Asks: 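One structure is given below, represented as structure tokens, and several questions about it will come after.
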Amino acid sequence: MKKLFLIVSVLFAVIMSSCKKDEVQQQPVINLEKIYEGSVEGTGLKVELYSKQISQYAQYSTFWIAVKDAAGNPIQNATINVVPFMDMGSMQHSAPVENPSASAVDNLYKFSAVFIMTGNWALNINITANSQTGAVSIPLNIQAPAKPKVKSFTSSADGSKYFYAYIEPTSPVVGINDMEIAVFKTGPMMMTFPPDSSMTIGLEPEMPSMGHGSPNNVSPVHIGNGHYKGKVNFTMTGLWKLNLDFMSGGTLAGEDQYFEIEF
Amino acid sequence: MNKTIIFAIIILMANFAHAQNEDSVFKDSSKIVDLTEVTVYNSKKVNKATDYFKSNQSATLEDIMSRLPELSLIKRGPYGMEPSIRNLSDGRINVLIDGMKIHGACTDKMDPVTIYIEPSNLKSLEVESGGTGSFSGSSIGGTINMKKDEPLLYSGKTFSGIVQSGFQTAAKSFYEGVQLNYSTKKFGIKGTTTYRNSSNYRSGGGKIIPFSQFEKINYSLSLKYKLNERLYYLADYIGDKGYNIGYPALPMDVGFASANIGSMSLSYSDNSKKLYTWNLKVYANSVVHKMDDTKRPNVPMHMDMPGESNTKGFYAEASYRINRHQKIDVRIDASSVFLKADMTMYQPGELPMYMLTWPDNRTNQAGIAAKWNVHVSDKSSFMISGRLDGINSGLVTTESKSQMSIFGYEKKRNDFLKSVSAKAYQKAGKNISIISSLSYSERFPTATELYGFYLFNASENYDYIGNPFLNPEKSIQAELTGNYRFGRSNIKLTGYYIHVLDYITGMVNPALSVMTIGAAGVKRFEQIKFADIIGAEGSLFLNVNKNVDVVSTLKYAYGKDSENNPLVAIAPLKSIVSVRRTFNNFYVQAESEMSAAQNRVNKMAAELPTNGFAIFHLRGEYNFAFFKLNSKAQFGVENILDKNYTEHLDWGKIPRQGRNFYIQLKVAF
Ligand SMILES: [Cu+2]
Ligand SMILES: [Cu+2]
């Protein structure tokens, strides 16, 4: 009889101890791919360009540049200016860009460009470092992403063309997601794209195949540099349409704008 | 015909019930329907109450429950009806098998626990209503406990068994059952299998109801070992598998459902000791449920909705005799329930749409209960009982937490539940006894009410969202029963009042957009100030003469909430009258089932009124020897007039079975 008690109590302990299993999710590690390596003409400087992926798409794209001296030592305080450039024969134009700050983080200078169309682009990079100045032109073939990630509208408020680019969420989950987009106003000849801070953005996610939305979203508001941040909630996986309305000074600047994401 | 007259007659005839003695609170603290069939082969001693509740050999547990005045059944399909005690169901009541907790794996409540017990394996069905039914689990509506048959010991025969077979015409359904028992003086082992296969049934008037088919197999194995004269060890397993189960009132069917239920227990009894009985049980069970709509025509978007539940727990119960007039029962229990259900929808050309409908959640519970019984005199006794529960509940995976964060929920919650009740028995005169009770009880919200994520309610055509901030529901209840005995007959009448505070109900939330295509809107579980249910039940057992018995039950309930709206799903006035004439080894029984219309409906729940109906059945049973084996044939016709009718608690007003002929054969060896 004592044995039985023992068996029963051991069993009970086993049952109860197996009751608490919370699952832990691992944070993905970001690995950068080297997509270009070369020297800056007329200087002893070397340049390496990194991206999260080898293929490049018409979207808000972040790059990292490493600048090294002839001996291969990283330079921490180079001045870098990037100009994306596309030559379409009949016309030439640039794209919105966010240049790196003056000092490197982990030997890397981070910058972003928004490729507003597919095709052959060049990243024209001017570098001043160790009292030397030179330029490098890195060719990039820009492909179309699965769903458009850069769009534009002509504002009915001021007649200007605005580009807006999708930034977050990059890995959407069912739940609350940080949402970020960047808005740029088109300058003369499409050679400059100053960041825009004037918009009031309305956000309404929708699942087109089911006709439902999601609750408790936070419309993106300007946080600086043309970036707008909010929250988008997904109640399930699948194809979502993020409907956006752009208001400028009380008038609807761009309506029926949207991004689609599928996960 | 004039309905008023019919009901006047019924009330006159009404009614009530068990042939059992009800001399004390001790015996009456719960209603026990004894279904043991030990007397069944002795036609002179047929247990009439058993036969009344178990209308025929292949009766499902649902058939039996539908004949108990305290219970009503919510019907969504021909199978898997959900029991309610005095119109309280689901999380408001406990439905236990041998005191064990089992949680369904279906977000649409297609799989109430009662489907796992075949009546041929059932020893008894205990129904304890109201707050006095909280001894084995916090609840406000009470407890239904199904006690399973144990293997026989000392049967005189080492090997015995029962073979049964039956056929019913309305659904062209087959019923096959085998029970085998092997025993020695120290040891008994029993195995059972029951197979049911049913086609789409024919409703009154002749229309076939599509998606009302099902196939099901139930098997069990139990082992009893005598450790010594006072101590027994028992191991028990129940398996249940369902295939292609149709739910005509829902947009989906069940492709496959499975349950595995296991337990081990030790039980002790020695009447000479102060601690004269105790019982210890550890158990575990898991349920898998796979809903889909692959067989339905014109589905806008195909979807799969699987769910699972896993429960582990234990309980220990002991009874202690303080002195000749007082005893105390104590129970300690703990359980842990894990639930998960999800939904995947397929739109051609797009990635599958996936979400959790029951985001992975776990509820841990530990409780202690005590019952003090005092026998004041031969004429009066009372009982006081109480229960405390600690409950911890929360989401357990990153995925489920992320999904529910949309509604601002992250933290686990801890709750403390209290129940207390008092019951008194008083004999007033030679034949009259009165039982009164008063109780306060609390219950924890269900996983659906806390965490449900766009669960579609087909009856209301609304999507439902859980609310993790709900408080426990509280209930105050009073009950008064009068029992009048004359000769071998008796009449019992019960009146009750249930007051539920912080009543949980769905409220339309216009800010939320519907998930289910075609749904009218989204409701979130909220709490209203209170809801009231007032009702009465009666039963009559009338022994007209040696060969004629009348059993009749009657019930009525009236429900309203604090805003004066009728409560949803309140069964209307209903009565069952059964008259039996017994011959030597043969009986015939005529039955009527009558229900009044229900016009008090809840408009917010899109509830529609239901017409009254009267249906009639005729049954017979013949006991005979077949190669010297005890055998029994049962036959009958149900719904003789082929009436097209629905009960108020039937979802979607799907008509019930029309005229149905049945025949059952049973041979015991
Ligand atoms: Cu959807
Ligand atoms: Cu289901």
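Note that these values count all heavy atoms, side chains included, but never hydrogens, waters or copies made by symmetry. Chain letters run A, B, ... following the sequence lines, proteins first, then strands; residues in each count from 1. Since this is a predicted model, take the numbers as computed values, not measurements.
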Asks: Is there a donor-acceptor pair closer than 3.5 Å between any side-chain N or O of B:S513 and the backbone N or O of A:G213?
Replies: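 Yes: the side chain of B:S513 pairs with the backbone of A:G213.
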
Asks: Any idea which of A:L239, A:T235, A:N217 has the most non-hydrogen atom pairs under 4.5 angstrom with chain B?
Replies: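 Winner by heavy-atom pair count: A:T235.
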
Asks: Report the C-alpha distance between B:M515 and A:M207 in whole Å, list the side-chain angles of each, state the deciding distance to 0.1 Å, and finish with yes or no for side chain to side chain contact (heavy atoms under 4.5 Å, CB included).
Replies: CA-CA 9 Å; B:M515 178 76 60; A:M207 214 166 197; 5.6 Å; no

Asks: Within this structure, what is the CD1-NE2 distance for the pair B:I517 and A:H212, rounded to the nearest 0.5 Å?
Replies: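 Reported to 0.5 Å precision, the distance equals 8.0 Å.
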
Asks: Look up atom OG1 in A:T237 and atom CD in B:E350, then write down how far apart they are to the nearest 0.5 Å.
Replies: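 Atom-to-atom, A:T237:OG1 and B:E350:CD are 10.5 Å apart.
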
Asks: To the nearest 0.5 Å, what is the distance between CE (A:M236) and OH (B:Y454)?
Replies: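 Interatomic distance, A:M236 CE to B:Y454 OH, rounded to 0.5 Å: 8.5 Å.
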
Asks: For the side chain of B:S402 and the backbone of A:V174, is there at least one donor-acceptor N/O pair under 3.5 Å apart?
Replies: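 Here the side-chain-to-backbone pair exists.
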
Asks: According to side-chain hydrogen bond (donor to acceptor under 3.5 Å, both in side chains), who are the partners of B:N279, at least two apart in sequence or on a separate chain?
Replies: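 For B:N279 there are no side-chain hydrogen bond (donor to acceptor under 3.5 Å, both in side chains) partners, ignoring immediate neighbours.
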
Asks: Any chance NZ of A:K151 has more than 12 other-residue heavy atoms, nucleotides or ligands included, within less than 6.0 Å?
Replies: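 Count over threshold, so yes.
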
Asks: Count the heavy atoms of every other residue, nucleotide or ligand shown that sit under 6.0 Å from CG of A:N141, and state whether that count exceeds 12.
Replies: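 Atom CG in A:N141 is packed in, count exceeds 12.
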
Asks: Please determine whether side chain to side chain contact (heavy atoms under 4.5 Å, CB included) holds for the pair B:M353 and A:S209, giving the CA-CA distance in whole Å, both sets of side-chain angles, and the decisive distance to 0.1 Å.
Replies: CA-CA 10 Å; B:M353 289 171 258; A:S209 55; 3.3 Å; yes

Asks: Could you tell me which portion of B:M345 (side chain, backbone, both or neither) has an atom closer than 4.5 angstrom to a non-hydrogen atom of chain A?
Replies: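 The side chain, not the backbone.
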
Asks: Does CD belonging to A:Q257 count more than 12 external heavy atoms closer than 6.0 Å?
Replies: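 Atom CD in A:Q257 is crowded, with more than 12 foreign heavy atoms closer than 6.0 Å.
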
Asks: Nearest 0.5 Å please: distance from the CD1 atom of B:I406 over to the NZ atom of A:K231.
Replies: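 Result: 12.5 Å between the selected atoms.
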
Asks: Quick one: closest heavy-atom pair of B:L512 and A:P215, and the distance?
Replies: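 Shortest heavy-atom contact: CD2-CB, 3.3 Å.
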
